[in-house]
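Naming convention: chains lettered A, B, ... in sequence-line order (proteins, then strands); numbering from 1 in each chain.
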2 protein chains.
Amino acid sequence: MKPQTKKTIDDLLGSAKLRRTGPRRTVLEILMDAKRPQTVDEIMTAMSRGCANKVTVYRTLESLVVAGLVHRAFVHKRAEHFELADRCTEAQCHPHFTCTSCGKTFCLTDLSLPLIKGLKKGFVFHKQQVRVDGLCPACS
Amino acid sequence: MKPQTKKTIDDLLGSAKLRRTGPRRTVLEILMDAKRPQTVDEIMTAMSRGCANKVTVYRTLESLVVAGLVHRAFVHKRAEHFELADRCTEAQCHPHFTCTSCGKTFCLTDLSLPLIKGLKKGFVFHKQQVRVDGLCPACS
DNA sequence: AGCTAAATGCAACTAAGTTGCAAGTAAAAA
DNA sequence: TTTTTACTTGCAACTTAGTTGCATTTAGCT
Ligand SMILES: [Mn+2]
Ligand SMILES: [Mn+2]
Ligand SMILES: [Zn+2]
Ligand SMILES: [Zn+2]
C-alpha cells in the first residue's frame, strides 16, 4: 500500500470517528482497489493473509455503512454487494449494469437518471437506485 | 374467487402453456389480490388452507417467472419479493418505494423514469429497475 | 380408461448472515 | 508512560431463505 493511500484511509476513518483497526483499514483498502461492488466472500478472499474473521468483516462493513463511507450497492445471487460511497450523490448512487449471461456487474459511474417526480402526498423522497441488466461486451 | 377471476387465471396459465394445477392457481390468485410484492412466506400464509409445500411455492413461482407472468420485483431483508408482471413494460418495471422507517413497500405504478442513455459500446440494454426509499405517509 | 411427462411433497441440505460472550486493543484519562 | 475503559474482534452456535434428490401423484393427452 502506498503511504498516500494509508493516510487517506486513516483520514477517512478518523473523520468518520471510527477507531483505526486492522480489519477496517484492510476492508477499506480492498474496496478502494475494487472496480466493482464486493461480496463478503470476495473481501475475505482478497484479505487472504491479514485475514479477519467472517463475523468481523460483516461488522466492519456495517460500521462503515453506518458511518456513510460504504454503501450496500445491491443484492445478487443472495449476496449483498458493498462498494465505497464516493461516486454517489446524496440522492442517487450511480447505476449498476449486470450482465444476465455472465453475471458480472459494471459501475455506470458516469451515467445517471433524473430524480423521480410525482410521489404522492405524504411520501418523503430520500434516494433512488437504478439497476440495469442486459449483455456485457464480452457476452453480446 | 369470482368465476371471472378463475377464468382469467386459467387463461393466463393456458396462454403460458403451463398446466392448470392447484398451487399455480392459488399463487396467481394471491398475487392478483396483493397490492404489494409478496415473499414466499407471505404467500404461504395467504394460502393457509389449500396450503402447498414451501418447495412447491418456490417452484411454482419459478415457473411463473420463466413464463413471464410474474416478476422478481426486488430483494428486501434477504427475501425475494414477487409480483404480477402486468403493469410493467418490456424495458422497465414500475418503480418501488420502500419506507426506511416501517419497511413497507409501495408500487409506483403510475410513475416512471426515462430509459438510461449512454451505455458504452458493446453493452446491450434489456431492462432497468428503479427503487426509491424514503418515508411513507404513515411515517413522515 | 390408460399413458406419460410434468408437478408435487418430503427430508435433507446449502450458504449468507446474525448473536452471545469471552478476550483483546485503540484511544482517552490519569 | 501507565492505567482505564469502551469499543472491537474471534469463536461457536444459530437462523433462515432458498435448493436438491427422489419417490409419488396428477394434468392433459390418446
Ligand atoms: Mn458501483
Ligand atoms: Mn410493484
Ligand atoms: Zn457478460
Ligand atoms: Zn413507513
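Here the closest heavy-atom approach between residue A/Arg20 and residue A/Asp10 is recorded as NH1-O, 3.3 Å. The two residues B/Val27 and B/Met47 make their nearest non-hydrogen contact at CG2-CE, 4.2 Å. When all heavy atoms of B/Gly122 and A/Ser140 are compared, the closest pair comes out as O-OG, 2.8 Å.
Atom pair B/Arg24:CZ and C/dA7:C1' shows a separation of 7 Å (rounding to whole Å applied). In this structure, A/Leu61 places its CG atom 14 Å from C1' of D/dT9, rounding to the nearest Å. Between the CD1 atom of A/Ile9 and the P atom of C/dA26 there is a distance of 16 Å, rounded to whole Å. Distance CE (A/Met47) to P (D/dT9): 9 Å, rounded to an integer number of Å. Atom pair B/Arg25:CZ and D/dG28:C1' shows a separation of 12 Å (rounding to whole Å applied). Residue B/Glu42 contributes atom CD, which lies 11 Å from atom P of D/dA17 at whole-angstrom precision. For the pair B/Leu13 CG and D/dT26 P, the computed distance is 18 Å after rounding to whole Å. Rounding to whole angstrom units, CG of residue B/Leu64 and C1' of C/dT8 are separated by 15 Å.
Partner of A/Arg24 under the side-chain contact (heavy atoms from CB on, under 4.5 Å) criterion, out of A/Leu69, A/Leu61, A/Thr60: A/Thr60 alone.
Each of B/Gly22 and A/Lys17 has a nearest nucleotide on DNA chain D; the 5'-most of these lies closest to A/Lys17.
Side-chain nitrogen and oxygen atoms of B/Thr21 include at least one within less than 4.0 Å of the OP1 or OP2 phosphate oxygen of C/dT8. Taking side-chain N and O atoms only, B/Ser63 has no distance below 4.0 Å to OP1 or OP2 of C/dA7.
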> What does nucleotides 9-19 of chain C look like as a protein-contact string, B for base, S for sugar-phosphate only, - for none, at under 4.0 angstrom between heavy atoms?
Replying inline: BBB----SBBB

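Classification of A/Arg72 and A/Glu62 as a salt-bridged pair holds, one side-chain N sitting under 4.0 Å from a carboxylate O. Between A/Asp110 and B/Lys120 a salt bridge is recorded (basic side-chain N to carboxylate O distance below 4.0 Å).
Side chain to side chain, B/Gln129 and B/His71 fail the donor-acceptor criterion of an N or O pair below 3.5 Å.
Relative to the axis of its first five pairs, the axis of the last five pairs of the helix from C/dA1-D/dT30 to C/dA30-D/dT1 sits at 30°, rounded to 10 degrees.
From B/Arg131, atom CZ reaches atom NZ of A/Lys127 across 13.0 Å, with rounding to the nearest 0.5 Å.
For A/Phe97 and B/Phe125, the distance between ring centers is not under 6.0 angstrom.
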